[in-house]
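Taking it in order: structure first as structure tokens, then the write-up.
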Amino acid sequence: VREVEHVIKDLGMRGIATDPYLAHCPPSDARYYPIYAKCVELGVPVFVTTAPPAQVPRAIMDYIDPRQIDVVARDFPELILIMSHGGYPFVNETIYTCLRNANVYMDISEYERAPMVDVYVRAMNDLIGDKVLFASAHPFVELADALEAYADFELNADVRRKVMYENARRVLRL
């Protein structure tokens, strides 16, 4: 909790990130709750890795299930939660978690060319255009390739502007 306060107040960070599958601790575990409470107090979002890359051995898929984020969103309605990597492979669950929680957002970094990406794109256009952020968290995909994939997505112009810039600007208070 002290480190969160330090990086936000002293270093000017705009949020924090957690990797529950690496910590072997689901995001709804009470051990995270003091951190979430501090983030609410500071008015900063929490990015939660919600997809274990296939390249990461021993990642526990239960810890990235979007239903874990749904629990946290209910317990902390003032906390902005961003599901990083789109909850893949739980695509529909991720979309629904965004849809049903005003404080939950997502990005699909790393999975722009994965199977079912068309479901994400359709949801961006029809349901959650205000809830998706382009993210540059691409440890296994080159950023240029991710940008090319987004350019190929059949997004309407308003949604493209929101996803590529406006949503992040609003959520991160830039």
Side-chain angles (χ1 to χ4, degrees), residues 1-8 13-40 42 44-124 127-128 131-143 145-146 149 167-168 171-172:
V1 171
R2 285 187 213 113
E3 185 70 14
V4 169
E5 189 162 27
H6 167 68
V7 299
I8 300 302
M13 302 302 288
R14 300 280 185 164
I16 67 159
T18 64
D19 290 302
Y21 72 94
L22 292 175
H24 300 282
C25 180
S28 63
D29 190 289
R31 291 175 283 183
Y32 282 109
Y33 279 36
I35 294 169
Y36 297 152
K38 178 56 76 173
C39 289
V40 168
L42 296 171
V44 297
V46 176
F47 293 79
V48 182
T49 299
T50 58
Q55 302 91 330
V56 177
R58 302 183 61 217
I60 298 172
M61 298 227 350
D62 284 349
Y63 295 166
I64 59 92
D65 190 317
R67 289 171 281 205
Q68 295 283 335
I69 301 302
D70 191 55
V71 171
V72 177
R74 179 203 61 214
D75 291 348
F76 290 90
E78 304 89 6
L79 178 64
I80 299 298
L81 294 156
I82 302 166
M83 294 184 288
S84 185
H85 308 306
Y88 197 85
F90 303 106
V91 175
N92 291 317
E93 293 86 346
T94 301
I95 292 165
Y96 189 67
T97 301
C98 281
L99 188 60
R100 70 181 246 112
N101 293 288
N103 58 328
V104 176
Y105 299 81
M106 64 175 273
D107 73 59
I108 61 168
S109 59
E110 280 306 299
Y111 295 93
E112 293 90 351
R113 297 197 189 276
M116 295 182 62
V117 73
D118 59 309
V119 178
Y120 288 126
V121 172
R122 188 169 56 248
M124 286 183 228
L127 300 169
I128 57 171
K131 307 297 283 299
V132 180
L133 294 73
F134 173 79
S136 58
H138 292 87
F140 301 108
V141 173
E142 292 294 327
L143 181 58
D145 187 47
N167 294 341
V171 170
L172 297 174

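Both backbone and side-chain heavy atoms feed into the values below; hydrogens, waters and symmetry mates do not.
In M13, the CE atom is not crowded: 12 or fewer heavy atoms of neighbouring residues, nucleotides or ligands sit closer than 6.0 Å. Y36 OH: more than 12 foreign heavy atoms inside a 6.0 Å radius.
Taking every heavy atom of both residues into account, L79 and V44 meet most closely at CD1-O, 3.9 Å. The nearest pair of heavy atoms linking V171 to L133 is CB-CD2, 4.4 Å. When all heavy atoms are compared, the tightest approach of A123 to I95 is CB-CD1, 3.6 Å. Smallest separation of non-hydrogen atoms from I69 and V48: CD1-CG1, 3.8 Å. Across all non-hydrogen atoms, the minimal contact from L172 to P45 is CD2-CG, 3.7 Å.
With contacts defined as side-chain heavy-atom distances shorter than 4.5 Å, the pair F90/M61 qualifies. Under the 4.5 Å side-chain criterion, counting only non-hydrogen atoms from C-beta, Q68 is not in contact with Y63. Residues V4 and C39 form a side-chain contact, since some pair of their non-hydrogen atoms from C-beta on lies under 4.5 Å apart. Side-chain contact between I35 and V1 is present, with heavy atoms from C-beta onward closer than 4.5 Å.
Rounding to the nearest 0.5 Å places OG1 of T94 at 5.0 Å from CE of M83.
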**Item:** Worked check of side-chain contact (heavy atoms from CB on, under 4.5 Å) between D145 and R113
**Value:** CA-CA 9 Å; D145 187 47; R113 297 197 189 276; 3.1 Å; yes
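A donor-acceptor pair under 3.5 Å is absent between the side-chain atoms of K131 and the main chain of M106, judged by distance alone. Y120 places a side-chain N or O within 3.5 Å of a backbone atom of G86 that can act as its donor or acceptor partner. At distances below 3.5 Å, not a single donor-acceptor pair connects side-chain atoms of D62 with backbone N or O atoms of P26.
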